[in-house]
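This structure is a prediction, so every number in the text was calculated from the model and none was measured.
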Amino acid sequence: MFQVESLLTAKTDFEPNKTRPKMRGKKIFIFKERNTKFFQEEQYKGGHRYLIALKLLPDQKGLSAIFTLSEKPLYFEAFEGKKGLF
């Protein structure tokens, strides 16, 4: 989980008539499926600041049911996981 300081930009900033996503509680949860390839650059350290490019994982309700996750938070994935954070 990450505590978000600020949302710098979002895809909706470049789409006419779209509103920016609202950050619920300013917390981001990142979920990675157990059998997904892991890259060394994807390790996060507590107390550090990161700039993260994320995309919302589709089918949030299905994701919660399949992996027995809480339904309340929104889950994201790193936009380009093999490159890690920048």
Side-chain angles (χ1 to χ4, degrees):
M1 176 184 67
F2 291 94
Q3 181 70 30
V4 177
E5 291 179 11
S6 63
L7 176 62
L8 300 178
T9 187
K11 183 178 178 182
T12 55
D13 293 344
F14 307 97
E15 297 175 349
N17 305 317
K18 296 272 183 156
T19 57
R20 277 186 141 208
K22 291 190 169 123
M23 300 294 301
R24 283 195 242 155
K26 295 209 172 201
K27 290 183 180 171
I28 287 182
F29 293 82
I30 296 178
F31 174 73
K32 192 168 181 76
E33 292 181 34
R34 184 175 293 136
N35 297 328
T36 314
K37 188 169 173 120
F38 173 77
F39 298 96
Q40 187 67 24
E41 295 85 358
E42 293 180 282
Q43 292 186 354
Y44 314 114
K45 295 181 182 176
H48 286 70
R49 297 173 75 196
Y50 296 96
L51 179 62
I52 310 172
L54 299 172
K55 65 180 179 180
L56 188 65
L57 283 167
D59 189 19
Q60 294 282 315
K61 288 189 186 252
L63 185 70
S64 299
I66 293 167
F67 297 103
T68 320
L69 300 170
S70 172
E71 289 186 21
K72 194 170 184 179
L74 293 175
Y75 294 92
F76 295 85
E77 65 181 342
F79 191 71
E80 291 189 31
K82 65 182 176 184
K83 292 183 181 178
L85 303 175
F86 47 94

Work out which heavy atom in Arg20 is nearest to a heavy atom in Leu8; give both atom names and the distance.
NH2-O, 3.1 Å

Closest contact, heavy atoms only, Val4 versus Leu7:
CG1-N, 4.4 Å

Considering non-hydrogen atoms only, spot the tightest contact between Ser70 and Ser64 and give its length.
O-OG, 3.5 Å

Set of side chain to side chain donor-acceptor pair (under 3.5 Å) partners for Asn17, sequence neighbours left out
none

Side chain to side chain donor-acceptor pair (under 3.5 Å) against Glu15, all qualifying residues, sequence neighbours excluded:
none

